[in-house]
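The structure under discussion appears below in the form of structure tokens.
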There are 2 protein chains.
Amino acid sequence: MEAQLKNIKIEKSKTTKINEVDFDNLAFGSVYSDHMLVCDYKNGAWETPEIMPYQPITLDPAAKIFHYGQSIFEGMKAYKDSSGATWLFRPKNNHKRLNISARRLAIPEIPEEIFMEGLTTLLRLEKDWIPSNPGSSLYIRPFILASGNGFHASPADEYKFIICCAPSGAYFSGKVKVLIEEKYSRSANGGVGYAKAGGNYAGQFYPTQLAVKKGYNQVIWTDDNTHEYIEEAGAMNIFIRINDTLITGPTSDRILDGITRKSILEIAEDEGIQTEVRKITVTEVVRAAKSGALKEMFGAGTAAVVSPISTFGHKGVDYDLPELQDNFASLLKKRITDIQYNRAEDKFGWRYKV
Amino acid sequence: MEAQLKNIKIEKSKTTKINEVDFDNLAFGSVYSDHMLVCDYKNGAWETPEIMPYQPITLDPAAKIFHYGQSIFEGMKAYKDSSGATWLFRPKNNHKRLNISARRLAIPEIPEEIFMEGLTTLLRLEKDWIPSNPGSSLYIRPFILASGNGFHASPADEYKFIICCAPSGAYFSGKVKVLIEEKYSRSANGGVGYAKAGGNYAGQFYPTQLAVKKGYNQVIWTDDNTHEYIEEAGAMNIFIRINDTLITGPTSDRILDGITRKSILEIAEDEGIQTEVRKITVTEVVRAAKSGALKEMFGAGTAAVVSPISTFGHKGVDYDLPELQDNFASLLKKRITDIQYNRAEDKFGWRYKV
Ligand SMILES: Cc1ncc(COP(=O)(O)O)c(C=O)c1O
Ligand SMILES: Cc1ncc(COP(=O)(O)O)c(C=O)c1O
């Protein structure tokens, strides 16, 4: 490995903030580790990445990130096993998806070597920042922002690829109450919904605030045309269990192709659970809730892992989900986290040793 | 006026860059004046604005602007008349729209006093930066970015409101060739298309690049569901003249409520031109092009003023527009710029003296 690292410059921090952090009471993504990776794109090429002390970024006020939302990101986690080894989960999928996002946002793609070597070199340096408490992990945020300047609405000529790390606890505490959205939407046909583009998230804040005011935690996004097709749960993909079938919508240009989603589908099949990837309507879900056929709903994503939904609201009515003993959510969450934390065999080959 | 200014702190630049600028060959939005206004939002309130030398902005790598595209902006111009006086065009409309954008993006609204006094105080200081060459003006970019930190997808707790100025020439040089979009789209029903949200623009870059590769300057956006309704022309509203009627689409949650658009409508009515604000389909425009009833198409916006379209492409066919002697575009452009530059009476009360 050493040979490949020669291209990354490393400037170590002279001090550490690690003693200020209460690892037993970690929030999500609000404290940051000692180092970060920065790689600049200039004159048509990505330069040599640098690992440096975590520090502010200085940009011209005309930098396009401030005006045109030209930015993309990824969300990953590093897991520590009982022997102290560090693991990633399907990291090359995040690299691939970052480049899919890059193409749609007219951002230059990042080579796999820079992404993977930058990431693993940074993680080796930040080893002590990976929490070992159950349910905690080191949340990793790779992102690219448009640093080039100009008030002309066109792509920037310079970019920054950055990786930061945040030791984190659970995203949600407890079960999630969701509201099926009937007015607002997060993505258009032919839009950028399938990309992890910054602007997709800012657009969700206000409708989510409205839902929170009504007592919900999260919005279930539906299609912008009819609000009849169930698409995503905030920043998670969504699974719905009707009787013993586990259903999730197909990915499209409106829906993020989640790595947790596709892993959950494979694990479910491996468990002998019947799965269906097909469009699912609000009408069908409401009908199933009324008849008792609706057994479970849960969100799936890197940050929130598998998040069971306790209640969904639609057109002013709240529908509570049953509390099943043998629920799919717990089983699938255990299987995926056992792989992530190296507590079980990984027959799929998803674990990646740092 | 002095009394009202006491709240703005001013730190003047010790040097000026004005002598480095070639005012006879100005591009659009690529050189910036000596000062900028910065106003911070912290602890639930906007603080005292400060005018300071134009300088870089320093933010934590976890600032939400870098991750979730939480930013909005406005675009305005300051015009210099032959006596050297400075004018704005309907500036309170920009303030109102900035706050409409703010609400949708879960950004705190900015009080009118901060916006208007900040703007006029800055412009008085930057008076010499307002070009007097015909067609040139000082482009003004007020914007708000999320400066608060966190990897949790939720609104920031801190923001920066900034105004920068860029002496600018024409946005387009010459007539514009446009492509009617059939695959990509810029906004969803229930989305953020009606807001000047940063992310709306980044999403347009890639489809626009594809159009540019095919020889067009700009994309005509259509609705995301059928691609049959004509919505906007890049970052301009669009007008279509069929026979002697001037048509533009109604605003909606997908379309920016342009100040140029509504001014053009009023001027056209004042000129006795028949106007219609109604949905307009691609089919109708193509049919009119074939029959010869299509006389003109033009974009309208602050940056590009009135931009005549020479050709539109649709499904692989290019349709050229006629070159009319008595065209509406030239007439309307002359009327609106005569008001903006104080060359004619302003019966509408749109001009605003700085
Ligand atoms: C919109 C959206 N959907 C789904 C997901 C889940 O994707 P993944 O499982 O790859 O984390 C995320 C977040 O990562 C997301 O932002
Ligand atoms: C998407 C979009 N449409 C239309 C316009 C025109 O609006 P206005 O005339 O207020 O500048 C703009 C730019 O300002 C814009 O960004």
Side-chain angles (χ1 to χ4, degrees), chain A residues 28-30 32 36 54 56-62 65-71 73 75 103-106 139 141 143 145-146 149-155 162 164 166 168 171 181 183-192 197-206 208-209 224-225 234-235, chain B residues 28-30 32 36 54 56-62 65-71 73 75 103-106 139 141 143 145-146 149-155 162 164 166 168 171 181 183-192 197-206 208-209 224-225 234-235:
Chain A
F28 188 88
S30 51
Y32 313 101
M36 64 200 242
Y54 186 91
I57 301 170
T58 296
L59 292 172
D60 196 275
I65 177 62
F66 297 138
H67 303 273
Y68 302 124
Q70 202 188 8
S71 72
F73 68 100
R103 282 196 287 280
R104 183 62 182 84
L105 275 296
Y139 183 75
R141 173 55 58 87
F143 61 108
L145 61 90
N149 301 338
F151 294 154
H152 203 283
S154 56
I162 300 175
C164 295
S168 294
Y171 197 89
E181 186 59 57
K183 180 176 173 190
Y184 296 102
S185 38
R186 75 174 282 282
S187 61
N189 299 306
V192 300
N200 288 340
Y201 297 81
Q204 299 187 48
F205 293 167
Y206 176 68
T208 305
Q209 281 182 334
D224 78 316
N225 194 39
Chain B
F28 188 88
S30 51
Y32 313 102
M36 65 200 241
Y54 186 90
I57 301 169
T58 297
L59 294 171
D60 195 275
I65 176 64
F66 296 139
H67 303 273
Y68 303 124
Q70 201 188 7
S71 72
F73 68 98
R103 281 195 288 282
R104 184 62 181 84
L105 276 296
Y139 183 75
R141 172 55 59 85
F143 61 108
L145 61 90
N149 301 337
F151 295 154
H152 202 283
S154 56
I162 300 175
C164 296
S168 294
Y171 197 88
E181 186 59 57
K183 180 177 175 192
Y184 296 102
S185 38
R186 75 175 280 283
S187 60
N189 299 305
V192 300
N200 287 339
Y201 297 80
Q204 299 187 47
F205 293 168
Y206 176 67
T208 305
Q209 280 182 335
D224 77 317
N225 194 39

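Note on naming: letters A, B, ... go to the chains in the order of the sequence lines (proteins, then strands), and numbering restarts at 1 for each one. Quick note: numbers below take in every heavy atom, side chains included, and nothing from hydrogens, waters or symmetry partners.
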Item checked: Option in A/Val192, A/Thr208, A/Leu59, A/Leu145 with maximal non-hydrogen atom pairs under 4.5 Å from chain B -> A/Leu59
Notebook entry, point to check: When you look at B/Phe73 and A/Tyr68, which way does the ring pair (Phe, Tyr, Trp, His ring centres under 6.0 Å) test go after all the steps?
Noted result: CA-CA 9 Å; B/Phe73 68 98; A/Tyr68 302 124; 5.5 Å; yes
Check: Is the shortest heavy-atom distance from the side chain of A/His67 to the side chain of B/Tyr201 under 4.5 Å?
Finding: no
Check: For B/Arg186, is it the side chain, the backbone, both, or neither that has a heavy atom closer than 4.5 Å to a heavy atom of chain A?
Finding: neither
Notebook entry, point to check: Based on non-hydrogen pairs under 4.5 Å, which of A/Gly198, A/Gly199, A/Gly29 is most in contact with chain B?
Noted result: A/Gly198
Margin query: Contact between A/Tyr139 and B/His152 at the side-chain level, heavy atoms closer than 4.5 Å - yes or no?
Written below: no
Next item on the list: Using a cut-off of under 4.5 Å on heavy-atom pairs, state which of A/Gly69, A/Ala106, A/Ser185 scores highest against chain B.
Entry: A/Ser185
Notebook entry, point to check: Do you know which of A/Ala235, A/Gly203, A/Ser71 has the most heavy-atom pairs under 4.5 Å to chain B?
Noted result: A/Gly203
Next item on the list: Apply side chain to side chain donor-acceptor pair (under 3.5 Å) to B/Tyr54 and list each qualifying residue two or more places apart in sequence or on a separate chain.
Entry: A/Asp60
Checklist line | Contacts of B/Ser30 that satisfy side-chain contact (heavy atoms from CB on, under 4.5 Å) - sequence neighbours left out | finding: B/Ala27
Checklist line | Any side-chain heavy-atom pair of B/Phe66 and A/Ile57 under 4.5 Å | finding: yes
Note to self: Looking at chain B, which one of A/Cys164, A/Gly75, A/Ser154, A/Ala146 has the largest number of heavy-atom pairs inside 4.5 Å, strictly under?
What the structure shows: A/Ser154
